[in-house]
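Start at 1 with the first residue, then count along the sequence.
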Amino acid sequence: MTTHAPHSSQAAQSVHAVTLPATLDEAVAALAAMPAAVPVAGGTDLMTSVNSGLLRPAALVGLGRISEIRGWQYQDGHALLGAGLTHARMGRPDFAALIPALAASARAAGPPTIRNAGTLGGNIASAAPTGDTLPVLAALEATLIIAGPHGVRREVPVSHLLAGMEMLGAGELIGFVRVPLLHAPQVFLKATGRTGPGRATSSVALVLDPARRGVRCAVGAIAPMPLRPLEAENWVASLIDWDAERALAPEALHAFGEYVAAACIPDQAPDGTQEQLPPAVLHLRRTVAALARRALGRALS
């Protein structure tokens, strides 16, 4: 997604207008006035669709000049992140000190050209299963601030949008992402295989929440949306001595990994019968188990 007119001849023929608003409300007004327009910030997904002929937008509303969504601020124990934050910006040390797992996922999001252009809001709006920030946001139980016409703002759990339980309405944009500051270890790990430069075949985000004595885990890339193995989270949280060293025996770490993998990639059919999983699926399940085990081990170390 880009604030400039597309460079390819095919894209140039398909776009008839490019609007560059200076504020979030101006961008919302432009989208409301042009229902066929497509919002664009970094272009890493949109321009791929345009250049491949899958998308021919009649107009673009560029979000790159909206300074209010390109930074972050503190708010009641949370970080309010602008949707225009790039992966490169989130990967820097000052941001990593704030939300380590999100910074790690941003640093893992492909080559520098992708990280310099791709934005947090674009990752969420595209909702690609391989989006690296998505399992982190799910594990953090982040909330989206949606900007609508006439200055209206509404809050939506990020999990609701990714699951299709709530959708962006006409003229609405993701303005901000509210993330709780847990001040505790967070880990993001992913396996890439051979699916492309930096593209995950599976990923795991794991955060500790000492205030609630909880472990939150989300598995990405293996389903259309991040998966939360809630029973595995509750089980392992009950084993942790939150008032002491928070260490777990290797056997418990191994069992947690297997618990997470079996919850996300079950071998039981909907009718209750056992299924023989293909070798590729078994390999994926072993990978998820290893990622979950390592993530928890690092968080507790």
Return the set of residues passing side-chain contact (heavy atoms from CB on, under 4.5 Å) with T23 (not counting sequence neighbours), or none when no residue passes.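 Scan of T23 (side-chain contact (heavy atoms from CB on, under 4.5 Å), adjacent residues dropped) gives D25, E26, E68.
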Applying side-chain contact (heavy atoms from CB on, under 4.5 Å) to A30 and not counting sequence neighbours gives T19, M34, V61
Write down the atom of [X], the atom of [Y], and the distance for their closest heavy-atom approach.
X	Y	value
L31	P39	CD2-CD, 3.9 Å
V28	A147	CG2-O, 3.7 Å
T119	G122	OG1-N, 3.1 Å
A109	R115	O-CG, 3.6 Å
P266	L277	O-CD2, 3.9 Å
A299	L208	O-CD1, 3.6 Å

When you measure from the side chain of W242 to the backbone of A237, do you find a donor-acceptor pair of N or O atoms at a distance under 3.5 Å? yes
Would you find a donor on one side and an acceptor on the other, under 3.5 Å apart, between the side chain of S126 and the backbone of N123? no
I need the full list of ring-ring contact (aromatic ring centres under 6.0 Å, His included) pairs touching residues 84-117, with sequence neighbours left out, sorted by first then second residue.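 As it turns out, the ring-ring contact (aromatic ring centres under 6.0 Å, His included) pairs with a partner in residues 84-117, which skip direct neighbours, are W72-F95.
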Pairs satisfying ring-ring contact (aromatic ring centres under 6.0 Å, His included), at least one member in residues 108-144, at least two apart: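 Those involving residues 108-144 do not exist here.
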Give a yes or no on whether [X] and [Y] share a hydrophobic cluster (residues Ile, Leu, Val, Met, Phe, Trp, Tyr; joining criterion: side-chain heavy atoms under 4.5 Å apart).
X	Y	value
L85	V158	yes
L120	L63	no
V204	I222	yes
V152	L24	no
L182	I240	no

Are R216 and L230 close enough, and set up right, to give a side-chain contact (heavy atoms from CB on, under 4.5 Å), and what steps lead you there? CA-CA 8 Å; R216 300 211 294 269; L230 299 178; over 6 Å; no
Salt bridge (charged side-chain N to carboxylate O under 4.0 Å, His left out) involving D241 - partner list, sequence neighbours excluded: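 Expected list: none.
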Among pairs that include at least one residue of residues 128-137, which meet salt bridge (Lys or Arg N to Asp or Glu O under 4.0 Å), considering only residues two or more places apart or in two chains?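 Matches after skipping sequence neighbours: D132-K190.
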In residues 279-292, what donor-acceptor pairs under 3.5 Å come from side-chain atoms, sequence neighbours left out?
unit_1: R285; atom_1: NH1; unit_2: I265; atom_2: O; d: 2.9
unit_1: T287; atom_1: OG1; unit_2: H283; atom_2: O; d: 2.9

Anything under 3.5 Å between a donor and an acceptor, one on a side chain of residues 159-178, the other on a protein residue two or more places apart or in another chain? List them.
unit_1: H160; atom_1: ND1; unit_2: E166; atom_2: OE2; d: 3.2
unit_1: E166; atom_1: OE1; unit_2: R154; atom_2: NH1; d: 3.3
unit_1: E172; atom_1: OE1; unit_2: R154; atom_2: NH2; d: 2.8
unit_1: E172; atom_1: OE1; unit_2: G169; atom_2: N; d: 2.6
unit_1: E172; atom_1: OE2; unit_2: R154; atom_2: NE; d: 2.9
unit_1: R178; atom_1: NH1; unit_2: Q75; atom_2: OE1; d: 2.1
unit_1: R178; atom_1: NH2; unit_2: E155; atom_2: OE2; d: 2.8

Take I99 and Q186, measure what side-chain contact (heavy atoms from CB on, under 4.5 Å) needs, and give me the verdict at the end. CA-CA 8 Å; I99 313 173; Q186 305 175 7; 3.7 Å; yes
Which residue pairs pass the side-chain hydrogen bond (donor to acceptor under 3.5 Å, both in side chains) test with at least one member in residues 90-108, sequence neighbours excluded? R89-D94
So which pairs with a foot in residues 290-301 pass side-chain hydrogen bond (donor to acceptor under 3.5 Å, both in side chains), sequence neighbours left out? none
With rounding to the nearest 0.5 angstrom, report the [atom1] to [atom2] distance, [X] to [Y].
X	Y	atom1	atom2	result
L181	Y74	CG	OH	7.0 Å
C217	L206	SG	CG	5.0 Å
R213	D209	CZ	CG	11.5 Å

Give the table of side-chain donor-acceptor pairs shorter than 3.5 Å for residues 135-145, with sequence neighbours excluded, one pair per line with atom names and distance.
unit_1: E141; atom_1: OE1; unit_2: R212; atom_2: NH2; d: 3.3
unit_1: E141; atom_1: OE2; unit_2: R228; atom_2: NH1; d: 3.3
unit_1: E141; atom_1: OE2; unit_2: R228; atom_2: NH2; d: 3.4

For residues 248-261, which side-chain N or O atoms pair as donor and acceptor with protein atoms under 3.5 Å away, sequence neighbours left out?
unit_1: Y259; atom_1: OH; unit_2: E231; atom_2: OE1; d: 3.4

What's the verdict on side-chain contact (heavy atoms from CB on, under 4.5 Å) for V187 and L189, showing C-alpha distance, side-chain angles and the deciding distance? CA-CA 7 Å; V187 178; L189 299 173; 3.8 Å; yes
Show your reasoning for whether side-chain contact (heavy atoms from CB on, under 4.5 Å) applies to L102 and M90. CA-CA 7 Å; L102 194 56; M90 291 187 290; 4.2 Å; yes
